[in-house]
Amino acid sequence: MSLRNVLVVLYDGVQSLDVTGPVEVFAAAGRCPGGRGGYAIRTVSPGGAPVRTDSGLTLVPDGDLEGARPGPGTTLLVPGGRYRGDFAPRLTDWLRAHGGRAERLVSVCTGGLLLAEAGLLDGRRATTHWYSCERMARDYPRVSVEPDPIYVRDGPVSTSAGVTAGIDLALALVEEDLGRDVALLIARHLVVFLRRPGNQAQFSAQLAAQTARREPLRDVQQWITEHPGGDLSVESLAARAALSPRHFARAFQAETGVTPGRYVERVRVEHARRLLEEGGEGVAQVARACGYRTPEALRRAFVRHLGQPPTEYRRRFGP
């Protein structure tokens with residue numbers, strides 16, 4: 001069986017993990033039983049010159065960007081980074097001329113801004129690193145920006161959030177090409193979570209909310225994380241912080257940016273997701289362990305946050 005082609009664009013200031021993360025996933029496919037030869041990976045840069053990454057590493061490409069011609073059977077990967085020098089116009093001109101000919105067009109992190117500048121995201125849904133989503137929406141109004149998911153797939157075009165989301169997207173592409181078992185083997189080999197769904201938020205519950213400034217509120221945040229199945233009512237949490245329920249609710253939202261109830265639900269859904277991914281407990285047991293009185297309450301929370309019920313989530317992402 002012929003190898004699938006992956007063409008990776010390099011440039012000065014590129015984020016090294018945006019390159020090496022997905023490349024390691026694709027390279028590992030060829031070493032897996034069932035990988036069926038894996039992928040032929042080629043890197044190119046403007047002029048074919050070595051590039052210096054944002055962290056100072058030097059990467060030596062296989063060839064010159066100007067002579068590269070992606071076509072059917074090719075996945076074109078555009079990583080993010082800090083755009084330095086005069087390469088950006090050369091890159092976007094090349095992408096505008098040739099990017100649409102690739103079978104799949106993939107960006108990692110702020111690589112999505114290059115695709116947007118080249119007009120390749122017009123009329124499509126897309127995401128990028130959370131820090132740049134507002135910029136993408138402002139500068140490229142023809143792009144439907146989705147700031148929350150770790151990756152978005154719209155037809156042959158896939159865009160992902162920062163760094164590790166590129167690994168998640170690469171695993172999803174491998175699963176599409178070679179099957180779930182191969183993707184699972186690669187994830188285990190790289191010691192990463194397999195197949196975080198694309199609609200999973202870029203932040204965990206703890207990262208999505210700010211850390212409270214006052215120690216009693218920080219302690220409450222930690223308590224919620226460590227006791228998702230406990231009594232996490234406003235009254236109970238307020239007592240733990242030695243505040244009145246009304247004062248606690250106002251102070252918590254002011255310092256974290258979310259209400260106590262929303263924060264609790266995010267933590268509980270995140271904990272339930274991990275249990276469904278890693279364990280064999282039934283949905284009813286998972287619901288109880290995460291503080292939900294009924295499986296139906298857990299189901300409603302899952303649909304709100306992940307767009308699918310727990311049973312479907314376990315079927316797709318469970319052990």
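Computed over heavy atoms, backbone and side chain alike; hydrogens, waters and symmetry mates excluded. In this text the structure is predicted, and so the values were computed from the model without any measurement.
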**Prompt:** Which heavy atom in F302 sits nearest to a heavy atom in P309, and how many Å separate them?
**Reply:** CD2-C, 4.2 Å
**Prompt:** Below 4.5 Å, heavy atoms only, C-beta onward: do L173 and F26 meet side chain to side chain?
**Reply:** yes
**Asked** Quick one: does Y292's side chain get under 4.5 Å of V269's, heavy atoms only?
**Response** yes
**Over all atoms of both residues, closest heavy-atom pair of C32 and V182** = CB-CG1, 4.1 Å
**Request:** May I ask you to say whether D93 pairs ionically with R90, meaning some side-chain N is under 4.0 Å from a carboxylate O?
**Result:** no
**Complete:** Heavy-atom nearest pair, V234 first then P260, reads CG2-CB, 4.3 Å
**Message:** So does Q253 get a backbone contact from the side chain of T259, meaning a donor-acceptor N/O pair under 3.5 Å?
**Reply:** no
**Message:** Show, in sequence, the C-alpha distance, side-chain angles and deciding distance for D177 and Y39, and conclude whether the side-chain contact (heavy atoms from CB on, under 4.5 Å) test is met.
**Reply:** CA-CA 10 Å; D177 293 340; Y39 299 83; 2.7 Å; yes
**Fill in**
Separation between CD (E66) and OG (S45), nearest 0.5 Å, reads 9.0 Å
**Item:** Nearest non-hydrogen partners of R266 and V258, listed with the distance
**Value:** NH1-CG1, 3.4 Å
**Asked** What closest approach, in Å, do V108 and S160 show between heavy atoms, and which atom pair accounts for it?
**Response** CA-OG, 3.2 Å
**Asked** If only atom types and distance count, is the side chain of Y11 paired as donor or acceptor with the main-chain N or O of P79 below 3.5 Å?
**Response** yes
**Asked** Could you state the interatomic distance from CZ (R96) to CG (L114), rounded to the nearest 0.5 Å?
**Response** 10.5 Å
**Prompt:** For R214, does its backbone N or O pair with a side-chain atom of E255 as donor and acceptor, under 3.5 Å?
**Reply:** yes
**Asked** With a 4.5 Å heavy-atom cut-off, do F252 and L237 have their side chains touching?
**Response** no
**Request:** To the nearest 0.5 angstrom, please state how far the CZ atom of R31 sits from the CD1 atom of I186.
**Result:** 8.5 Å
**Complete:** side-chain contact (heavy atoms from CB on, under 4.5 Å) with V14: of V19, L57, V8, only one passes, and it is V19
**Request:** Would you check if L306 and Y313 make a side-chain contact, meaning some heavy-atom pair closer than 4.5 Å?
**Result:** yes
**Request:** Hey, could you give me each pair passing salt bridge (Lys or Arg N to Asp or Glu O under 4.0 Å) that has a residue in residues 113-126? Not counting sequence neighbours.
**Result:** D122-R142, R124-D154, R125-E146
**Prompt:** Is R262 atom CZ crowded by more than 12 heavy atoms from other residues, nucleotides or ligands, each under 6.0 Å away?
**Reply:** no
**Asked** Does the side chain of L113 reach to within under 4.5 Å of the side chain of M136, using non-hydrogen atoms?
**Response** yes
**Prompt:** Minimum heavy-atom separation for P46 to D64, with atom names?
**Reply:** C-OD1, 4.1 Å
**Request:** Would you indicate whether the side-chain heavy atoms of L232 and Y263 approach each other to under 4.5 Å?
**Result:** no
**Message:** Working to the nearest 0.5 angstrom, can you tell me the gap between E235 CD and R246 CZ?
**Reply:** 14.0 Å
**Request:** Mark yes when over 12 heavy atoms from residues, nucleotides or ligands other than E215 sit less than 6.0 Å from its CD; otherwise mark no.
**Result:** no
**Message:** Quick one: does any side-chain atom of D231 pair with a main-chain N or O of S233 as donor and acceptor, under 3.5 Å?
**Reply:** yes
**Request:** Kindly indicate whether the side chain of H98, heavy atoms from C-beta on, has any atom under 4.5 Å from the side chain of P70.
**Result:** yes
**E296/R300 ion pair, N-O < 4.0 Å** = yes
**Ion pair check, D54 and R82, cut-off under 4.0 Å** = yes
**Asked** Which is it for R268 and E265 under the salt bridge (charged side-chain N to carboxylate O under 4.0 Å, His left out) test, yes or no, and what are the steps along the way?
**Response** CA-CA 5 Å; R268 283 176 165 167; E265 181 165 272; over 6 Å; no
**Spacing of D18 atom CG and L10 atom CG [to the nearest 0.5 Å]** = 11.5 Å
**Asked** When you measure from the side chain of S244 to the backbone N and O of H247, does any donor-acceptor pair fall under 3.5 Å?
**Response** yes
**Message:** With a sphere of 6.0 Å drawn around CD of E134, does it hold more than 12 non-hydrogen atoms of other residues, nucleotides or ligands?
**Reply:** no
**Request:** From the options L120, L77, T74, select the one residue that forms a side-chain contact (heavy atoms from CB on, under 4.5 Å) with L105.
**Result:** L120
**Asked** Is E103 paired with R4 through a side-chain N to carboxylate O contact shorter than 4.0 Å?
**Response** no
**Prompt:** Would you call the rings of Y131 and H129 parallel, tilted or perpendicular, where under 30° means parallel and over 60° means perpendicular?
**Reply:** perpendicular
**Prompt:** How many angstroms lie between atom CD of E312 and atom CG of L276, to the nearest 0.5 angstrom?
**Reply:** 12.0 Å
**Request:** Determine whether L243 and P216 make a side-chain contact, defined as any pair of heavy atoms from C-beta on separated by less than 4.5 Å.
**Result:** no
**Request:** Walk me through it: do L185 and D181 pass the test side-chain contact (heavy atoms from CB on, under 4.5 Å)?
**Result:** CA-CA 6 Å; L185 284 172; D181 290 345; 5.6 Å; no
**Message:** Main chain of T127, side chain of T159: is a donor-acceptor contact present, judged purely on distance under 3.5 Å?
**Reply:** yes
